[in-house]
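Comments concern the structure below.
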Amino acid sequence: MSELKLMKGNEALAEAAIRAGVDAYFGYPITPQSEVIEHLMAERPEERTGMVVLQAESEIAAINMVYGAASTGKKAMTSSSSPGISLKLEGISYLAGAELPAVIVNVVRGGPGLGTIQPSQADYFQSVKGGGHGDFKLYVLAPASVQEMSDFVEDAFDIAFKYRAPVLILSDGLIGQMMEKVHLKDQQKRMTDEEVIEKYGSWAVTGKTDRERNIITSLDLDPEKMEVRVYKLLKKYDQMEKEDLRYEKISCDDAEYLFVAYGSSARIAQKAVSLARKKGIKAGLLRPITLFPYPKHQLFELADQVKGILSVELNTGQMVEDVQLAVQHKVPVEHFGRTGGIIHTPEEVLEALEDKVIINGCIGNHKTRESSIL
Amino acid sequence: MSELKLMKGNEALAEAAIRAGVDAYFGYPITPQSEVIEHLMAERPEERTGMVVLQAESEIAAINMVYGAASTGKKAMTSSSSPGISLKLEGISYLAGAELPAVIVNVVRGGPGLGTIQPSQADYFQSVKGGGHGDFKLYVLAPASVQEMSDFVEDAFDIAFKYRAPVLILSDGLIGQMMEKVHLKDQQKRMTDEEVIEKYGSWAVTGKTDRERNIITSLDLDPEKMEVRVYKLLKKYDQMEKEDLRYEKISCDDAEYLFVAYGSSARIAQKAVSLARKKGIKAGLLRPITLFPYPKHQLFELADQVKGILSVELNTGQMVEDVQLAVQHKVPVEHFGRTGGIIHTPEEVLEALEDKVIINGCIGNHKTRESSIL
Amino acid sequence: MAKAKGAIVVNNETCKGCELCIPVCKENVISMTSVVNRKGYHYAYMINPEACNGCTNCAVVCPDRAITVYRVKVPA
Amino acid sequence: MAKAKGAIVVNNETCKGCELCIPVCKENVISMTSVVNRKGYHYAYMINPEACNGCTNCAVVCPDRAITVYRVKVPA
Amino acid sequence: MDVLEIIKPENQVFCKTKLMTDATLSYCPGCGHGTVHNLTIEVIDEMAIAEDTIGVAPVGCSVLAYDFMNIDMTQAAHGRAPAIATAISRLWPNKYVFTYQGDGDLAAIGTAETLHACNRGENIVVIFVNNGIYGMTGGQMAPTTLCGMRTSTSPYGREIENMGSPLKITELVANLPGVFYATRQSVHTHKHARKAKKAIRKAFENTRLNKGVSFVEIVSNCNSGWKMTPLESNQWMVDNMFPIFPLGDIKVDAKLKKS
Amino acid sequence: MDVLEIIKPENQVFCKTKLMTDATLSYCPGCGHGTVHNLTIEVIDEMAIAEDTIGVAPVGCSVLAYDFMNIDMTQAAHGRAPAIATAISRLWPNKYVFTYQGDGDLAAIGTAETLHACNRGENIVVIFVNNGIYGMTGGQMAPTTLCGMRTSTSPYGREIENMGSPLKITELVANLPGVFYATRQSVHTHKHARKAKKAIRKAFENTRLNKGVSFVEIVSNCNSGWKMTPLESNQWMVDNMFPIFPLGDIKVDAKLKKS
Amino acid sequence: MTEEIIIAGFGGQGVLSMGKILAYSGIMQDKEVSWMPSYGPEMRGGTANVTVILSDERISSPYLKMYDTAIILNQQSMDKFEKSVKPDGVLLYDPNGISHHPTRKDIKIYQIEGMKLAAEMGNKKIFNMVVLGAFLKIKPVIKLENVTDGLKKSLSERYHHLIPLNKEAIIKGLGSVSVYNVEEQAFHI
Amino acid sequence: MTEEIIIAGFGGQGVLSMGKILAYSGIMQDKEVSWMPSYGPEMRGGTANVTVILSDERISSPYLKMYDTAIILNQQSMDKFEKSVKPDGVLLYDPNGISHHPTRKDIKIYQIEGMKLAAEMGNKKIFNMVVLGAFLKIKPVIKLENVTDGLKKSLSERYHHLIPLNKEAIIKGLGSVSVYNVEEQAFHI
Ligand SMILES: Cc1ncc(C[n+]2csc(CCOP(=O)(O)OP(=O)(O)O)c2C)c(N)n1
Ligand SMILES: Cc1ncc(C[n+]2csc(CCOP(=O)(O)OP(=O)(O)O)c2C)c(N)n1
Ligand code: SF4
Ligand code: SF4
Ligand code: SF4
Ligand code: SF4
């Protein structure tokens, strides 16, 4: 059974967290995601499920609270927006290093600096390449609807616990602020302390009983051991690629031109696909749902079918590099994006396909391709 | 005239800062770079040049002090190591957004998390793709010797002020901790307050006189204006690519196989070049000195000459993506690296070339290449 | 002894109709218009101009410094 | 009244030769060896074993808990 | 006497200082920020130190302070204004450097920077507008939020047990030797505003004398966040905020006042 | 009586607790960290609460505390132990949660987390080893470094004017209502060590009673950082540290002691 | 059927909640809906607008350049959005406070004296419901019963006693809309 | 000429400064040099080692796997670095505290009783200079006068009065090195 509601993405995410039986949320207000903590506080989750919701003194305190909570085997999450996420990066790197399951939500706004509070996708690199220090990756889920804001909370925790690794939900101001219909799942029970111990007592700090003591740390002064740690992380990432890649193909079957877009850009590109098809241009859309792992094989294969690809992003060109790496220069790959909080219109996106890809694609020799990439 | 000394990279950098007439250093101790502030404090720079040296209460305070100092038109810098740099990322994004000239030094150690204190290059992605939030880039200089640790301070400030943009010196524990000969430049005078006002009074906050008031900010609530801001940054980055790209070619003239490596890896790869040549393998080394802008044209051209390329890094594979993007699939590109604080030996590096590139290169069909990239 | 006579000029467009100036005026000089300005705010005006003694209390408490105060000394 | 007689056993390998145990022993029981252990430290030993009354002061102040203390009551 | 006879340039006794720009303040009607801005700038104007003054704007409702104050200003990352002011003041030791901060900025995320700038005794003025709430982001709980007070993140009132007590940061930092002057004022009436202005003046005079940190807290309203009219909010402030945040000097000339 | 007759299991009156692991402590000879580790674990042992205790290790010389304490532990990012302890204690409200922190960790980078955990009155124990220096990284100045004291970043002695005064953070946080117990101890003699142990015990008892923050400062030596022998460093501590950081209770049962 | 609407006015005019009620009503009628606000430093007045899409199909972009209907409640919004109405689309506005009336001839323009009517009804807050009624008169995309249900859903329980008043306002709006003729003057329908 | 050396021992034995003096001496003789320490949480004893390279050419890798010479001053370092001496290379060690002596037959092994000699000279701190002297006897890569200059450069002025003592120790070391024969016993050169 599910309940139908009209909600903001941020609210849906918060409500889903309660219903998924999340144990703790720690956060600090920042536009455009403050509704997350506001909804949680309004819902008295301590009463509904016993969930701990705490407004921290800063983003740094919040991410470290998540680290503390996660180290006890409980489900903990935080959310913020761009500048706040930058502040959390040390803590995120610690989570990865200490192999802790946790969910971090970034409702991206335009940067750099204080920037704007309008939607943006300019934190793509930070999210998928490694905002924090050291050799680690985040599993990154990019919701494109209010429904996904809701659904991905549970998915994210599943992955986080499967791999004992932090998971990022990379949203943006548009998805966070818009309202849509959402089917909310039924309330799940939070695990009892005993269940937590039974399930995660092998590694979590729950109090040392007869077992060996559990230690949560990301430190190894001995580089030989540290290298082993890092390789262990790498293995997880390989497994994620194999088992937990997610993407959506829209109108790809007969597509001659391909948009690649995630999150709010995917919504807009999808409309551009309809506009294109009305004009007789066979356009399709590949929407990566996970940004890491990235659907590179899928793109590599689609590159045999299409004549050109446009990476549509709310930034000055970030994901386009991953598209290029995946496509391996088989067809021209271009980027279109607006930035600083401006959202491109479907019309603009289609125009960009026509100007940058279709025309170029016809000439399509190596030189033009080079110039577009270099 | 220059003075010849035996110094650690960290000390040489600190001494160079005094001699370059830097106005302020703000930092917080962390291994393996604490010698920077220790040397500065020992040298009584307030007496030598009037330079302000302050130990901040945290890395965050330090980067924001740099922001404050830079906003007054003065030359300000900070240094740290990986976890500390993660903490500075919000501030770094603000520096970029507010168009402030400043120099940040990262003496990288192994991560993620607390990691090790041994040398690493695992912060490559963070440095060149965008550790902080938003659409911005850092100009990144990668010294490979104590001499360059010294020389790059002045170079970094030149670039920082040329573009009004933050510059990162990306070093690592090996370059920071090792001692080599260094030719120190003569002491330069610090600019007087009057000179600062004359030179930078058009934008810096030095006290509003008859001119319009100066404002340092990265905020634009209006996304239209914010986008203009971001495009202005992009223009700078284009200009950096055109005017301030730096790299070094070693034994490339007749090279059939190419190492690409920067910083300490470049030192080791250079030895691997000698070892290779002793064995009759015509190896060469392209050393990017700037990691952004990246010598992509140079690599694109070298790809016509060589049979295969090995990206040598102290990490699990980061710069290799930039090499692949540049080479555009003309020849196989592989990665070799150790991580977690382990430094590869020249012998290992050569072996990797033989195993991963030379053998693969002979088979060298598209399928093997794909598998190496995907 | 000379008595002060005052007057205020309210900038209709910067006044936001917060009414903070009303109670600090011991002479009850100020009231709010029933019409609104371009931003949709009712604004302050002298409903009781004779009473104003130019004490500047209203102006000092006005967050938007919408009030300019004038004063002359008149024989008591 | 019964008097206490004590003795200490120093773990030669964990003792770091910091000498903190020496002054807290009012009976001057402890001194340092001239030889060093595997880590290169001189270590504590009872130079004056008869005097030990097993008060545990040395053990309590030892950062490395290298000292184990024994005590028996003997008739005064 | 006719009003028009009075309204003549030569009779003008009060008007907005020219050191404020012509931009309309971005604050809600009746918000104390506007008054504090004006008082600060009036002091700078009266002391004739505009050329030698550098302001640091926070993140908060007053983030755009630089749009209104016609002096050189740097906009700080959230909470970091004291670190930024530290650097500016160290590099231009003869300038007047002030931060302008809200309670979320200064007493939550910026706690460490505030405390350490105070401990080092930086020669700066801190103007601290305490409205017990995060105004800018829509009225969330601040460290200074009163017990039982409803905000968007304490919709059933702040509970001490879970959320802690209202943080009296001015009293706290007043204990540090680097703080030379600490005072708590308000601007909701002309009397209070005039007194607050004197306190701000004293703070800037201290900078001239190189005395270290002058910390001027202004207890203020956030009628939007509190969901009241401006006049209601001022009354609520008097009734509820002042008992917890009593007005008056806390430390003068480096000496703590007994409380 | 022969020594060998005394050294029998039944006569043993003191030995290292089994709740410490067999790993050799990584501390320098004579470093107070070792004693504080042992005292803490002895208290946990004696209270028989090891199963219900979770420790939080800092970044600093005691980063490896988890190698020595045979209990569940989480290693915190530099300065953030109080935030981490907050979360653990909220999620396992029946556990004893303590942080173990140095002065750089707690009073410099961790200032905000320390202060706000104290203000919220988290039900935790904070064990705070104040050795006036950053030991781990090679002896740099800490907020607690004494005036005139030489460190690698104050090689000519800490100057108040530039670097601020030694920060008495325990006195400061004792002002916060969330702090139930604040005390300052040392471990350089058996007497002091025994007293310190009592204080630590009291702190853990407070957790049992759900009293909020118990803050136990231990003034300690860092002979390596101070460049002295252990005995010299202890003497120096008595002569120089104690006057600035006087031993004794600062707040007991939520009541401030007059000073 | 797809109806793409922008509602724009001052912060306090209830623009966002009007959009929300419309969207919720859409759901009651089994439509796909999206509601995308302009958001800003919320507390400080200024203008606010919201894009509402009602459709029988899955909605792709919630963000648009051109709209079927623009509901405009102050001058700034008029300046900004008159040009964003699709040819043949609808522009509905409250003339109160409007100094520059719309001039386009390729769209249909209507007036509703929302503020005046709400004041007459004794509650300025129902202004937005009057406007909503006017919209539903012009574009009867949602049945009135579904709007009532939408109201119920979008108001929290403690405001349910206000539903009758709101309905009344909607009905008032339904009956009070007038066509605005760019060249001449306004006529009643 | 290139000489690649590792010096390894306890933290307090002056390993790093011995390397630094060697490197500075190399500079005095116009050589290229590099000095690469193992670094760690410096304050806490343990082992320390430093790689010193002296060369007539630009030095590429300052970090090596195999060395021309290993100077070994405690057992842990012996365990770690005996195998890292290149065939025909040199291993010089102080037998004090060594329980497992080296066993390789493809390298040249020398002993220097550094600690004993330094103690005899009345100053344990000059131990490292005695060892340096021994090294220079075996591998006279630097002239003694340049070592004196190197000492001057690497010691800060307030320690310059110790230079004569240091020189004496070096000379003592020069004269006291002995060959260690893996099968038999040690002989003096
Ligand atoms: C790093 C970061 N965190 C959070 C925010 C969001 N934010 C903006 S203003 C603000 C709080 C402002 O409250 P306060 O300082 O009390 O000032 P007021 O608006 O009440 O004047 C917050 C949390 C931000 N911009 N940056
Ligand atoms: C974010 C970050 N900054 C700095 C460091 C480096 N660091 C490690 S320990 C330490 C200071 C430790 O001093 P203190 O807390 O006084 O503990 P002690 O070692 O004296 O016991 C510092 C600065 C780090 N690891 N992480
Ligand atoms: S105080 Fe100022 S803004 Fe408020 S009503 Fe009076 S004149 Fe207008
Ligand atoms: S106190 Fe402990 S470590 Fe120190 S000398 Fe005595 S027994 Fe050894
Ligand atoms: S939100 Fe509050 S603090 Fe901000 S301008 Fe409005 S009343 Fe003032
Ligand atoms: S460095 Fe100082 S604090 Fe650290 S273990 Fe050594 S003596 Fe103790």
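Letters A, B, ... mirror the listed sequences (proteins, then strands); counts begin at 1.
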Option that, when pairs with chain A are counted at under 4.5 Å, heavy atom only, ranks first among B:A122, B:G130, B:G97: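 The candidate making the most pairs under 4.5 Å is B:A122.
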
message: Going by side-chain hydrogen bond (donor to acceptor under 3.5 Å, both in side chains), B:H329 matches just one of A:K330, A:Q328, A:H329. Which one?
response: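 Running side-chain hydrogen bond (donor to acceptor under 3.5 Å, both in side chains) over A:K330, A:Q328, A:H329 with B:H329 returns exactly one hit, A:Q328.
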
- prompt: Just one of A:E321, A:Q126, A:Q318 clears the side-chain hydrogen bond (donor to acceptor under 3.5 Å, both in side chains) bar with B:K129, so which one?
  reply: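 Only one option passes, and that is A:E321.
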
Proximity breakdown for [X] and chain A, heavy-atom pairs closer than 4.5 Å:
| X | answer |
| --- | --- |
| B:L233 | side chain |
| B:I60 | side chain |
| B:Y124 | neither |

Given that the side chain runs from C-beta out, which part of [X] has a heavy atom under 4.5 Å from chain B: side chain, backbone, both or neither?
| X | value |
| --- | --- |
| A:R109 | neither |
| A:Y294 | neither |
| A:S82 | both |

- request: Using modelled atom types only, decide if a donor and an acceptor are shared between the side chain of A:S218 and the backbone of B:L114 within a distance under 3.5 Å.
  value: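 Such a contact is found between A:S218 side chain and B:L114 backbone.
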
Approximate separation, where rounding is to 0.5 Å, of A:I342 CD1 and B:E227 CD: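 Here the rounded value is 4.0 Å.
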
field: Point-to-point distance, once rounded to the nearest 0.5 Å, from CG of B:L325 to CD of A:Q324
entry: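 Here the interatomic distance stands at 6.0 Å.
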
message: Checking B:T316 against A:D135 for the side-chain hydrogen bond (donor to acceptor under 3.5 Å, both in side chains) test, could you report, in this order, the C-alpha distance in whole Å, the side-chain angles of both residues, the deciding distance, and whether it holds?
response: CA-CA 7 Å; B:T316 59; A:D135 273 310; 2.9 Å; yes

